[in-house]
Amino acid sequence: MPIRVDDDAEDPRVSVLTIDRPDARNALDPEHQQALGDAVAAFEADDEKLVAVLTGAGDTTFSAGADLKRLIPTYRDRVRAGEDPPWNFGGFTATRRAKPLIAAVNGHALAGGLEMALACDIRVCSHNATFGLAETKWAIIPGAGGTVRLPHAVPLGLAMEMILSGEPIDAAEAHRVGLVNRVVPLPDLLPTALGLARSIADRGPLAVREARERVLDGLGLEHEEAMAREHEAFLRVMRTDDALEGPAAFAEKRPPRYRGR
């Protein structure tokens, strides 16, 4: 299968999506691009799934982004013919998702690979990871969120350097500047990402989604508007049954039983 979709063995609420093309550095050709989009859409549509982890097959590369031999030429030819086709990776770098997605970066995350990682909510990586937007080396620019998200994730000067030079940074630097949350040995990468996913899955699902939306919305709003929307969301969540269950479970010293309502 172009994209492996697995349930977490310990928590079926968590899915693992694996780009399975290690012989081509997990680059997306048209088939893998479509399959990844289908996998993400299926995860979003499944009410039983709360969090997903995205990773790449093998030990060296998360993803090298677009297949330069197939996906890029096909798109370029359509553009040069006068079309204006959408450009994104897996259908999620250009559209808003509702559920948390964690990137487990097992090696190089380059070009569209970094754009996919940037579109995830949390990033953890192995010590051998590197991060780069190499598009200017090919006389194109990042077009799936790289120029938008990277300056929010790292200092502006570093974002400019990475985008304009196309040169990557290593895992230690990525952690130092806040691009990734954690750097761990490769054997610990997926367990670490799954541990985070399970922790999030244990929280109130409506609260997680509302909090995530407020963070993302707030990045583009004036302070007063962001605060007003946060208050509206706070009231919506307070009216849910889950908001009754959480404190009750705490008082009764038992795990909460959230129902998403």
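Throughout, residue positions are numbered sequentially from 1 according to the sequence presented. Computed from heavy atoms alone, side chains included, the values below leave out hydrogens, waters and symmetry copies.
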* Asked: Tell me, do Ile72 and Ile140 make a side-chain contact under 4.5 Å, heavy atoms counted?
  -> yes
* To do: First locate atom CG of Leu118, then atom CG of Leu133, and finally report the distance between them rounded to the nearest 0.5 Å.
  => 7.0 Å
* Asked: With distance as the sole test, does Lys49 use its side chain to make a donor-acceptor pair with the main-chain N or O of Pro12 at under 3.5 Å?
  -> yes
* Sidechain-backbone polar pair: Asn106 side chain, Asp59 backbone, donor-acceptor under 3.5 Å -> no
* Asked: How long is the gap from CG on Asn181 to CZ on Arg123, to the nearest 0.5 Å?
  -> 7.0 Å
* **Residues Arg97, Glu213; criterion salt bridge (charged side-chain N to carboxylate O under 4.0 Å, His left out); working and verdict** => CA-CA 9 Å; Arg97 302 184 323 279; Glu213 283 295 310; over 6 Å; no
* Non-hydrogen atoms of Glu31 and Pro2 that approach each other most closely -> O-CB, 4.5 Å
* Asked: So, the side chain of Asn26 versus the backbone of Arg21: is there a donor-acceptor pair under 3.5 Å, distance only?
  -> yes
* To do: Working to the nearest 0.5 Å, report the span between CG of Asp242 and CZ of Arg257.
  => 12.0 Å
* **Whether Glu44 side chain and Ala98 backbone form a donor-acceptor pair below 3.5 Å** => yes
* Asked: Backbone N or O of Ala201 within a donor-acceptor pair of the Arg13 side chain at under 3.5 Å?
  -> yes
* Asked: At their closest point, which heavy atom of Arg25 faces which heavy atom of Leu110, and how far apart are they?
  -> NH1-CD1, 4.1 Å
* Structure fact -> Nearest heavy-atom contact between Ala171 and Val183 is O-CG2, 3.7 Å
* Which heavy-atom pair separates Asn88 from Ala94 by the least distance, and what is that distance? -> CB-CB, 3.6 Å
* Asked: With no hydrogens and no angle check, is any side-chain donor or acceptor of Thr61 less than 3.5 Å from a backbone partner on Ser63?
  -> no
* Just checking, is any N or O donor in the side chain of Thr18 or Asp20 under 3.5 Å from an acceptor N or O on the other one? -> no
* Can you name the nearest heavy-atom pair linking Ala226 to Gly218, along with the distance? -> CB-CA, 4.2 Å
* **Side-chain donor-acceptor pair present, Thr130, His108, cut-off under 3.5 Å** => yes
* **Intermediate values then yes/no, salt bridge (charged side-chain N to carboxylate O under 4.0 Å, His left out), Glu232 and Arg229** => CA-CA 5 Å; Glu232 292 169 0; Arg229 293 195 186 187; 5.9 Å; no
* Is the number of heavy atoms from other residues, nucleotides or ligands within 6.0 Å of CZ (Arg76) greater than 12? -> yes
* Asked: Would a distance-only check, ignoring hydrogens and angles, find a side-chain to backbone donor-acceptor pair under 3.5 Å from Ser126 to Pro185?
  -> no
* Close side-chain approach of Leu150 to Leu179, heavy-atom, < 4.5 Å -> yes
* **Flag side-chain contact, heavy atom, 4.5 Å: Arg239 against Leu235** => yes
* Does Asp170 reach the side chain of Phe131, with side-chain heavy atoms less than 4.5 Å apart? -> no
* Under 3.5 Å donor-acceptor, Asp7 side chain and Ala9 backbone -> no
* Gln33-Asp29 side chain donor-acceptor pair, cut-off 3.5 Å -> no
* Asked: Within the side chain of Ser199, is there an N or O that forms a donor-acceptor pair under 3.5 Å with the backbone of Gly195?
  -> no
* Measure the shortest side-chain to side-chain distance between Val177 and Pro155 over non-hydrogen atoms and say whether it is less than 4.5 angstrom. => yes
* In Å, rounded to the nearest 0.5 Å, how long is the span from CE of Met162 to OG1 of Thr136? -> 11.5 Å
* To do: Find out whether Glu115 and Glu135 are in side-chain contact, i.e. whether some heavy atom of one side chain is under 4.5 Å from a heavy atom of the other.
  => yes
* Asked: Should Val51 and Ile102 count as side-chain neighbours, where that means a heavy-atom distance under 4.5 Å?
  -> yes
* Is a side-chain N or O of Tyr75 found less than 3.5 angstrom from the main chain of Pro85, in a donor-acceptor match? -> yes
* **Closest approach of Ala233 to Arg214 (non-hydrogen atoms, all atoms of both residues)** => CB-CD, 3.5 Å
* Asked: Going from CD1 on Ile200 to CG on Asp121, what distance comes out if it is rounded to the nearest 0.5 angstrom?
  -> 7.5 Å
* Asked: When rounded to the nearest 0.5 angstrom, what is the spacing between CG in Leu194 and OG in Ser15?
  -> 10.5 Å
* To do: Please check if Val215 and Leu101 belong to a single hydrophobic cluster, counting links between Ile, Leu, Val, Met, Phe, Trp and Tyr side chain heavy atoms closer than 4.5 Å.
  => no
* For salt bridge (charged side-chain N to carboxylate O under 4.0 Å, His left out), just list the numbers for Arg96 and Asp217, CA-CA rounded to whole Å, side-chain angles, deciding distance to a tenth of an Å, and then say yes or no. => CA-CA 11 Å; Arg96 183 71 69 89; Asp217 275 350; 3.4 Å; yes
